[in-house]
Every structure is written in C-alpha cells, then in structure tokens.
Amino acid sequence: MQEAMIKRAKELLADGTVNRVIGWKKGEFFYDITPAVFETAEEIDADFVFDDFTSANVSKYLVKESKKEGKILAFLKPCDTYSFNQLIKEHRVVRENVYIIGVPGGPKLDIEKIKAKGITGVLGVKNENFTLKIDTLYGEETMPFYEAICGKCADCKSKKHVIYDELIGEDGDVLDSNRFDMVEKLENMTAQERFEFWREQLSKCIRCNACRNVCPACTCEKCVFDNPNSGVENKAASDSFEENMFHIIRAFHVAGRCTDCGECSRVCPQNIPLHLLNRKFIKDINALYGEYQAGADTTSRAPLNTYDTEDCEPSIVHERGVE
Amino acid sequence: MLKIAKNRLNELFAAIAEKQTLYIPVDREDGAAEYRKWENGCEMSGALNTVRSAKDFFFPQTENLVDFKMEGKNIEVIDIRKESEDFVIFGVKACDARSFTILDKVFLVDPVDSYYKTRRDHGTVVTMACTRPSETCFCGVFGIDATAPEGDAACFSDGENIFFKANTEKGQAFIDSISSMLEEGDTAKLDEVQAKTKSILEKLPLANLSTDSFGGARLKEHFNSDKWGELSEACLGCGTCTFVCPTCQCYDIKDFNTGHGIKRFRCWDSCMYSDFTKMAHGNPRLTQLERFRQRFMHKLVYFPANNEGEFGCVGCGRCLSKCPISMNIVKVMKALEVK
Amino acid sequence: MQVNNNFEPVIVAFCCNWCSYAGADLSGTNRLNYPTNVKIIRVPCSCRVNPMFILRAFQKGADGVIICGCHPGDCHYTSGNYFTRRRITLLYSMLDFLGIERNRTRLEWVSAAEGAKFAATMQQFTEDVRKLGPNRRLEDLRCRKQ
Amino acid sequence: MQRIGVFVCHCGTNIAATVDVKAVAEALGHEPGVVISQDYQYMCSESGQNLVKDAIKEHNLTGIVICSCSPRMHENTFRKAAASVGLNPYLVEIANIREQCSWIHKEIATATEKAIILGKAAVAKVHLNAPLTAGESPVVKRALVIGGGIAGIQTALDIAEAGFDVDIVEKEPTIGGKMAQIDKTFPTLDCAACILTPKMVECSQNEKIHIHSFSEVSDVKGFVGNFTVTIKKKARFVDETKCTGCGLCTEKCPMKKVPNEFNMGLDNRTAIYIPFAQAVPKVATIDPNHCMMLKTGKCGVCSKVCSVGAIDYKQQDQFIEEKYGAIVVATGFNPIKLDKYDEFAYNQCADVVTSLELERLMNAAGPNGGTLLRPSDKTHPHKIVFVQCVGSRCDDSKGKPYCSKICCMYTAKHAMLIREKYPDTEVYVFYIDVRTPGKNFDEFYRRAVEQYNVHYIKGMVGKVTPKSDGKIDVQASDLLSNEQLHIDADLVVLAAAIEPDKTARPLATMLTTQMDTNDFFTEAHPKLRPVESATAGIFLSGACQGPKDIPETVAQGSAAAAKAIGLLCKNSITCNPCVAHSDELMCNGCSSCEKVCPYGAITYIDKEFRMPDRTTAIRRVASVNPAVCQGCGACTVACPSGAMDLNGFSNSQIMAEVDAICK
C-alpha cells in the first residue's frame, strides 16, 4: 500500500496536479509518526510512511493547507473523509485545492495499548497471524493483535470513503458497529455510578487541550475557553466543576458536527474516554431526531441547526433509563 | 546497606504514613500510573514512570496565591498561605528527581517563590533506581544515572529487597525515622541488577543523542535555523508536552470571582498556547513556529545560558510518548544537530 | 435522599420576554404565590439561553435552573423555542449522563396567559430541588458560601 | 468608572407593603459603581421621573437601575426619561420587584431579600450595558407581487392606487389565475370573467403596474425596504413589444393538437397560442415543446403571417434585476392530482372530472361553448354525482389533512347551475358534512337543496366503476338511512382538495419565510398579523397562506396591500438596536448561525483580514443585517466560537445577572 501511495504521489507531483502532499512521516521509532507535508519526490522517498501506526487524521491540517497556493494531495482514510466532508460543509476548507486519494483505514495499532500491558523498551512489532511479536530491550513479547488496536478502530463506524478523487485499494461499507455499547452501559448505571465514573475520568484531565486541538470539528478561530471576553475562559481546571464544564461545553459545541473520528480519545495523554461524551450526543440525536451521521454528506442540515415541530420534550430524559 | 524485604513494603508505607502524608505511584485501571496519597491497600506501581511528573508536588497545576474579600465597595486582602504539612514522595525516578534541581534554579533564586519553597522545605523526596528503562528514555544524555538517582534518599531494588541510601540530611532523617523496620543487607544481587540495568542503558536507542550542538553559545545559529518551519508544521498547539514535562515551569496568574470574593491563583501555562505571555500590547510570538521554537530554545539554549550549562530537559521521555503528533525534543535535537 | 428543612435552594429561571416573563408578571398581577427562591432572568427568547449560562448558574451556587419559553408553535420569533427544545433536551440528557440529578434542570412552556401555571411550576420545581438538597455534583467549591 | 443610580419605587403600597424599599435602596447603594440610591413613592409619576432625570444630570450617571414594576410596563417610560436628559436609553435597567416580588410574596424579610438580589442583578447587568442607537435603513418605493391571480391583481391595484410602482410576476403567459378559469361565482352566481377581466385590464392600463408575464422569481437578496430580486423572463419567442395580439398566428399554426391547459386539457390549442380571449397581456406565446420550427427548424408559418414581425425563434430567457421595498406573495393554489384515487376511476374514465374541469365544461368559452356535455361522447348527462372531500380532511398520506374550504360552496353552485339550466338532470352530492360559514352561504346551500332539489346524501362514495354501456356505477353509502346505494351516473364530479402551488416552497426558501408542513406560508401571527410573514417586508395574499374563496382572497389581497403601503410610505425604517452582531475576528464562517436565523438576517461575506501571524487572509465571516434581525438570539447559541452576541442581552450581561443571583 505504502509503495502504491508513494508512486501515485510522485506521479501527481510530477504532472503538476498537485504541488504538495500531506501524509505521514517516519519518526525515531517504528511507531511515532508525524503528519507532514511533502513537497518533493525525494522527501517522499525518504520519509513517507503508511503502516499500522499511521492513525492520525490529517483532515484538520487541510483547513490551513487548502488555503495556500496550489493544490495539495491528501491521503484520507475512511474516517478522515467524514471529517473532511464536515469541514467542507462548514466552509472551512477549499475543496478545489485538495486532491483526495482515499486509502484503506485500520485497524491501526496503538503503542499505548502495548505499553499498558507492561511491555517496555519496544523496538519493533511484527504481526504474525494476528499475534503481535514485539521485539524489546528485554527480549521478545507477544500479545493478540486485537488487544493492541486503536480504540477508534475497534469501534469503526465505516470503511467507506465519503469523498475522494480517486481510491487506492477497495472502498468498504458503512459498518454496523457496536460503538454505542459503552454509552448504553453507562446509561444503564445509576446516576450515582455515572457520576462516580465521570468524576474518576474527568479528574484526570490536565487541560492540555490536545482533544480540542486535534478535533477536526474544533476549528474556531479562538475557542471560547481561550477567549478572555467569553466569560468562560480558563487555562486550567481549578475545580472539578471546570473539568466538567470544559468537556460538557466542548461536546455540546461539536454535537451534530462530530463525525466520531475518535481522535480526542486517541490523543488524550490521560486516557480519558472523551469520545463517549460525543457518542452520547450522537446516540441521542439518532434516537430522538433520526439517524444522522455528520460528514456523510456536505449538504444536510446539522441536527441542532434544524428542528421538527413534533420533536420530543426534554422530559424524555426523565422518562427513560435509570435515575 | 539498609534494606527491607519487598513484601514488607506496605508495612513500611503504613509506618511512614502514620507520621506524614505519603505519596506513591500507583497503577490506574487504564494501565497508566499516577501519584496518589497512600492509603491502606495501595500497591506501588511497577510502571517506569507516571504520566504526570512529580513536579506537581512542589509546583501544582493550580495554586491559590491570595484571596480578596469583597463586600459592597470594600476589598480586603487575605493571605491564605498556611504552614504546609510534611510529606514524603516515594518512588520518584532519577529523571524527575533531577527536575527538582532545575525547578529550584527557577523558583529558589532571588526573588524566592515562597509557595514553592514552603513545599520544597516540607517535602522529602525518596527516589527509586530504574531497572527497566524504556526505549524513550534518554536521561543519560543529561548526565543522569538512572541507577543512582538523586533525591533526599534513594532506593534500589534487587527484585526481593529494597535498599536505602541517604543523599541529604533530610534523607538521612527519613531513613532514621524508619530504621526500626530496616535491616542491614547483602548487596551482591543488587550489584548484579545494577550492572544489568547499566548495560541496557548503554544500549538504549537514544543513548547516543548528543547535547554538543546546544547550549547558550548556540543562540543565533539555532534561532535562525530554517528547520523550525518543518519541525513545527504539524504542531497542534496543545499543551500536552508542557504539562507532562517535569521541568516546564511557566505559569499564568489569574483571578477567579467566586461571587463573594476573588481568588487569585496561578496555573500552569504553556508556551505552545496562542495567548502565552500575551501583554497589553499584544503577543510577542504570533505564529506556532515561534511558539514551538520558544519551547525548545528555552530548554536547549536559553536555560543553559542562564544556568551554567544545565539543560532544561531530563530525558524522561514523557513528551515522546504523549505528543499527539509525535513531535518532540529528540526529533528537534537531531534536526538541529551541528555536524 | 435526606431532606434538609433549613435548606433554601437558589433557583434561576430564564424566561422569554414574550410569553413566560409575561406569564410570570401575570402570576404577580393575580397574586399567585411561589417561593422567593426563584429569581427570574429575562431573555428575548428561550433560544437565547446558552448552555454555558446554565452551567455558570450551577457553578456560582444555583441549586436548580429552569428555562421557560413560549409554547411550541407560539414563539414570537416563530422558531426559537424549537431550537431551544433540541438544544436543551440534548444538554439535559448529557447532564444526566454525567450523573447530575435530573430534577435540577427543567424546561417548561408557559404562555403569557398562564400565570397560574407559572406559579405552580415554580412551586413544584422549588420543591423538587429542595428534596434533592444542595447542588454538590456540579458546584464549584470555591464559590460555596462560607 | 461607572456611575450608577438606583431608584427604588414604592408603587404606593404595591411594593412598599411587602418590600422594605428603604432597605433595598440602602443595600444597593453599597454595590460597586452605585453613586446614588434613592426610593420614591411613584417613580413613574412626573415628579418621580424628574427625580431620576435630576439625578442623572447632577451625578453625571452612566447607567440607571429602576426597581419597580415589570419592564413590560414602564421600561419605555424610563428610557424616554433618560434620553430626555442625554443618557442613552439603553443604559436603563429595570428590576422587577412588583410583579415578580412584592405581589407574590407575603413575608417582608424574604421579599426584601429577594428584591435586593433582583436589584443587584440589574446593577450587575447595567455595568455592562452599552449605549445603543437604533439604526435606520432606507425604503425602496416599489413593490413586487409574486403571482397574478385575483389575489395578486387586487394587491397590485391597491398598491398602485396609493401611488407606488408595483411589479407583478406571473409564471403563466397571462395574469388572471384560477379565477379566469371559473365560470360563475358563489353565492351570487355572477360571471367570474365579467368581474375579473376588468381588473386585469385595469392592471395593464395602470401606469404604476408593470406585468412580467411568463416570468419567475429566480433569486431574492436583501431585506425589508431593500430587496434585490432577479426575475427570469422565460423566452416566449414572441416580442411582447411588437405583438398586437391579433391572433392570426394562432389560426394559421399547423400544430393544432396541443392539450389546452386553460380548458384543463379538455380541448386543444395550437403551438403558438394566447391562453384566452381576454388574456393580459394579450400576446402570443410559442410552446417550444410542440412548435415544429423550434423542434425541427421546419415551419415558420407564424413568422410569415405576423405582419409586425413579432416572432423571434432565437429569443432566450432573460434575467432582469429590480429593487423593491416590499414583496407580496400571491402564489395561489392548484387542485391536487387525483392519480392516487383509483377508486374514483379518474384516470380510467373521461366522464369522471374534477370540479375545475366542470367549470370549463360549463363555461361559454369552454370546449363545448357552454353546453354541458360528457367529455367521452358529447351527450347530455342526465344523472350527475358530486363527490365531496376528495383528498381533503384526509388522514392518510394520499390526501391533505385540512379542509379545502371552498368545495362545499362551489359544489352547491354547480348543482344549482345544472338544475337551473338542465332541469331534467338529477344531481347527487355525497358529503361528509356541508360547511357553509360565510355571508349568505348557508342560504345558498339551502336553496340548492330546497329550491333546486339537489339530492344531498351524507356518506362517502366507495367506488366508481365505468360500465360498458357508458354509464358509471357509483357505489356509495347513505349514512343517515344506513343504506348501500348504486347510482348509474352519466358524469361524476370530484371536488379535489386544493394545495399550494409547487413554486411556493422554493420561493419560501429564497424569501427566508416559513411554511407549514402543507407548504402554506406561515403568517407572522395567526390572529393578529395574518397577512404578514415572519420575515419583515414579506406579505401574504390569497390562497398561498391557506385555502380561501374569492371574497376572502380579495380581502386579504387588500390587507396585504395596506401593509405593504404602510411600509412603502416610510422613507426609512427604524431598527431595533437589540440585534445580534458578529465579532468578525472570532467568526469562523461555519454557517451555523445562518441556518437558525428565522429572518435570513445573516449573510456571509469574504473579507480581507490582517491575521495574528502577520499575514493577510480572505476569510468568510458572518454579517448581520441589523434592519432584518429581530434579536431572538438563536444564532448566539448556535455559534460555537462565541463570535455572535446580542446587543442588550449579551453573554457577559446575562452571566453577570446569573452571578449576582447565585452569589
């Protein structure tokens, strides 16, 4: 796959279709890839990588990149295409300046999942029949492939590319995933249990803003939490309230716009399952206002920007689930 | 050397906690470790390090400085500083232990930061030598010996026993206070473990990283490097690297209106943030490139320039594993290396 | 849940200018009593109520927040309350998801003619919040009254 | 530094009996920024107002808080008072301590405590009030009427009568609409053409009225007082300015087999045609779907016979742009298609017709010259069955949930006219119930039953089956006698439900007006503003707003005209200053706000900005038109970046109130 992508990228650079390529760049180790823009065939040959660890969603970079001179080639995985579509809908990217090649998605691997098993000093990973053979400073370790995959890939919603100029590899289908299972599990807990669950999770927050800054839906010029005039600016969560506030409002601001790309949870240094907040909104929207997948198209109205005169009342919150 | 059997560690913790508050690294359900106040039943984490560094104990993420009580048009200033209680942090790794030295150079020089100093005075740092360094470790690059950590007292494990050694008077006092539980032990096996660890340290992928290209003298060369654009290109401008870093020490001071008064507090700030050091006239660093450059120039050039060559990094590797886009000080050092 | 008889909840009511605020005025004109705990903030339309205002109220010491607007279909601005209904339903559901007590928040449609309904709603809501006791799950400890 | 004055009103004993007003004034006097805090018996009285005015002058106040009755009562009084001494009226805040405090609470201690908190909230808010100035926007003195039926005609005539220019845009080649197709009108039975055509002529002759026939609105921009509308004049291949309407071309055209829409397809017309004799404008139009010349390039007869050279086969659609101060929508209605009603055999049998087709069958200018003949064999029908509520009051998806309102009356009319002209004809009417609310309506219906012996049968027709002998078997139930009936009818007439014209929905989108689920335009208020849409400057005339008969349509047409004239009379409109505004530096151009704005007040502009990183960038940012915004605030919550805020009810003001109440 990587070879095919490199070949095509060089062709498109050579024939002038694009003047830049956004993809992923090799790091120090086998897993620490960095999203990068390549301008020459040499750079691509030297550093371009697409493998089990290229999980980063590059669509948000296109907000800036698509406004630059010339056209950029972007390799988008299925989940990334949803983000890109949503950005088109919100006029945040210039579609004409991006040449999109759809590339297959995951499952991608998450090094943190490997390290969480206590495996340290990792030097390399091989996938042999869905068993990972991990070369470490302390000898070889093994673990099942599926225990090391990215959280966002484990709950993959779709293998279909919703926007592209061309594809490398086959297009997939929208999946019937069980991504709402954990939300449902929480809904079925008592309020006290839910409260304790979220206190434990959100109290870990160090307000590094990684979730927000990586989020393709968070493309505000200035976030309300950074804006001293907004009345809610805060730089650190000084109280448990502020931990709640930040994450509730952030989830609310992306409600109906979040494509469930899962980047927020992937980048959280404290492993807070932030995607559950977004998924709660998605699940509610689907149940109350009809199935809606943000980013599936570029024209539909976001559920919070429209209404139906027969919508349910908020009392529905009282009427269902566990108190 | 004085030692205690590993299986008696909990007894030891109970004894320490009787006299002062004890913090140890413990494992969370998500597999990561964090410092928690020891309570009966707490198990010490075997993880290499905690996600958040130990600097929180002396320089917490938010800290109240002063209160203003407001009634109608009257404002009263209330000093909320309280005499701090003694506490022990147990199990600090060599890299984090060194970070306190670096923080001291910032907060304990004139004018002394009394909030920081109070905590430093009351805290006893008990370190733990590393036995299983990770591929992201590069403390040796900054002259830190992971097998001989600093701190008030240092501990070493041979797998079955924990050995104690005092590095400071405070550390000696700490060991004295628990001496009734310790016994003299044979270090033969420990020496073996130490030697093995040292051989691993030498083999670490980043062991050969060099600081030769950095230091105060390299200011202009690096400041004007054309590498910064490429290095900072993917930076999200989040504060992850800063907030997991044991040596980052920038903070902002803010007021919070409680409705019946104002709490003036300080909180960590990150030079990666767009409004970092924003002043009345505006912002001195307007692009992410400048902000990104600031962070690494500070650690690799400005800090050594002002602190006898001491770098503002301890090689703990946290930013290597936590940066959402895997850009970090090692990649910066390699890119800027002067050949 | 333990009932604290001395507990006087702080209740913030956001009322739309055209229906609910007028309904509140009407309950005054008709001398229909409701607890002093309720303090009204006038907004042009219920759709002006930002979730941040609701959280802000809880942060600063409110024990309950209620939003009142025109009945669906009667919005002075034709569609404002329909947007309110979606936003607030989702927000309340999210608060519930985080384990915040359901009875601390409410949305009620009160027309300018429903003075009695306004008073009764406020009576009931105050009682519900009183039963819950002080807001502890969504409070900012720094703001707690000494 | 703020200098705030607080004025606490006793309202006689209305407030003072349960609120310790002196304590309130005393407590608020200690609030930050408050430099004077007073109480007075009646603050709204002349002397009370003078107290306020004097304090403003003496203490050079920057804001005032009146603790009194509801702002709905006296906010304006105090705003005017403030303005009279030079304090911006929007620097006045009211704390409602009467309706929302003294009148509902009995205990002085708690009521006083609450009054102080309400006062503190108002003080906190007024700290953040900004002086606002109501803007003005000019009014273009020209109106657009969309639709040239009787509603549009009446509206246009009334507006022109008031001296304003008015344009009618009609999508058909002639104005006149549905009324032109109607034979007689109820309850007076006068001839529709006789009363309509003079009005059509009046339109064409009034120099203030400009008719764009065979035209459609293709784009609407702008706002009340200043709309810019693009009108598409469809190519009719005949130069309107040259054609005299002599009709020679229509006689000579060899293509004579085109179904004639005006006669509901019951006869044929030529490819070049004038819809009917009294058409306005009386200009021929070529139907490009049937013209041989346009299709194959071979013919050209009309061009040869036209003595004035009006035929132009190369004509293209033309777009003209015009500015208007007001727009009246009069897009009217159509009977629904009956394709889904197989049980009535409408598609199978030529002798099952709709009521509008019957109008043409009976009309002197219709296919049979006014003699009622069956479409199939051109014989006189002797037994006619009328079926009411076909598609009206329907609870399934085939029809409409509403009552079409006009069917009961026109069916009575048809029945009566038939019995009058052909007394040997038996007429049956099947109905759910007969609705005749209207002046002389019930009398009219009773005449049909009593004087003309029309058989009214309560019950629905179950099935209509054409028989081989040409008769039509109508199977029905009589609900009153509880009998199953079979009638051998010669003609069956279906009272099809009426629905808004299909062009209405795209038009509503262009106009940013609202529609109900049936695609009828929604009025600004169902009782009190029945001819205005919620969008300022857009008015509603006729059946586009709901089913109506002719008198009601004309009445509404005139009412809409009156509203439009009221607007056009003004040189400029004063705008409510409490409107939304966007902080362009914060706006990210995502369009959320635009989507929730009920008034279409938000547009997007590409604007050049100096960015924080010293570059220049063109950014898409929201721009609120203060003349159109009504200040609901929906956009402020839709905006995730907080760029959108509302004057008078800003985020910081509301949060200051929240803080003051909660502390």
Side-chain angles (χ1 to χ4, degrees), chain A residues 60 63-69 86-95 97 212 215-233 241 245-246 248-258 281 294-295 298-311, chain D residues 124-125 128 130 509 514-518 522 582-598 602-609 611-613 615-622 634-645 650-659 662:
Chain A
K60 188 176 183 180
V63 172
K64 269 199 176 141
E65 289 296 332
S66 74
K67 284 165 193 146
K68 292 181 180 165
E69 193 75 25
Q86 184 65 21
L87 289 167
I88 294 178
K89 184 192 271 185
E90 295 175 9
H91 308 276
R92 302 296 287 148
V93 289
V94 183
R95 170 68 182 95
N97 287 349
R212 180 192 73 185
C215 175
C218 276
T219 61
C220 285
E221 293 292 320
K222 196 169 196 64
C223 176
V224 287
F225 287 101
D226 287 349
N227 180 358
N229 300 322
S230 71
V232 293
E233 183 224 16
F241 172 84
M245 169 90 166
F246 177 80
I248 294 171
I249 294 298
R250 203 186 87 75
F252 184 80
H253 280 176
V254 299
R257 305 167 54 232
C258 166
F281 275 136
T298 57
T299 49
S300 60
R301 277 215 171 192
L304 277 171
N305 289 344
T306 186
Y307 61 85
D308 190 294
T309 53
E310 303 303 319
D311 280 341
Chain D
K125 186 179 181 192
L128 300 163
T509 310
Q514 295 182 323
M515 288 191 135
D516 62 22
T517 49
N518 297 315
T522 307
S582 156
D583 180 340
E584 291 175 341
L585 287 174
M586 298 293 159
C587 175
N588 65 19
C590 72
S591 280
S592 283
C593 54
E594 177 200 29
K595 301 246 161 43
V596 301
C597 179
I602 301 169
T603 49
Y604 282 84
I605 48 172
D606 287 322
K607 206 168 160 180
E608 195 173 282
F609 286 89
M611 301 299 285
D613 62 358
T615 57
T616 305
I618 309 253
R619 288 177 42 221
R620 180 177 194 270
V621 290
C635 53
T636 60
V637 184
C639 176
S641 52
M644 201 55 92
D645 210 346
S650 70
N651 288 331
S652 56
Q653 285 175 311
I654 295 175
M655 283 196 266
E657 286 182 275
V658 168
D659 289 0
C662 294

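Residue numbers start from 1 in every chain, and the chains themselves are labelled A, B, ... in the order their sequence lines are given, proteins ahead of strands.
Distance check, rounded to the nearest 0.5 Å: CD of Glu221(A) to CD of Glu584(D) gives 11.5 Å. For the atom pair OG1 of Thr309(A) and CG of Asp516(D), the computed distance is 9.5 Å after rounding to the nearest 0.5 Å. In this structure, CG in Asn227(A) is found 10.0 Å from CG in Asn651(D), a value given to the nearest 0.5 Å.
Cys223(A) is not listed as a side-chain neighbour of Ser641(D), based on a closest heavy-atom distance of 4.5 Å or more.
Annotation: maximal heavy-atom pairing with chain D below 4.5 Å, among His91(A), Arg257(A), Lys67(A), occurs at His91(A).
Interface remark: Thr219(A) contributes backbone and side-chain atoms alike to the contact with chain D (heavy atom separation under 4.5 Å). In this structure, chain D has a heavy atom under 4.5 Å from the side chain of Tyr307(A), while its backbone stays farther away.
Of residues 585-595 of chain D, those residues with a non-hydrogen atom less than 4.5 Å from any non-hydrogen atom of chain A are, in numerical order, Leu585(D), Met586(D), Cys587(D), Asn588(D), Gly589(D), Cys590(D), Ser591(D), Ser592(D), Lys595(D).
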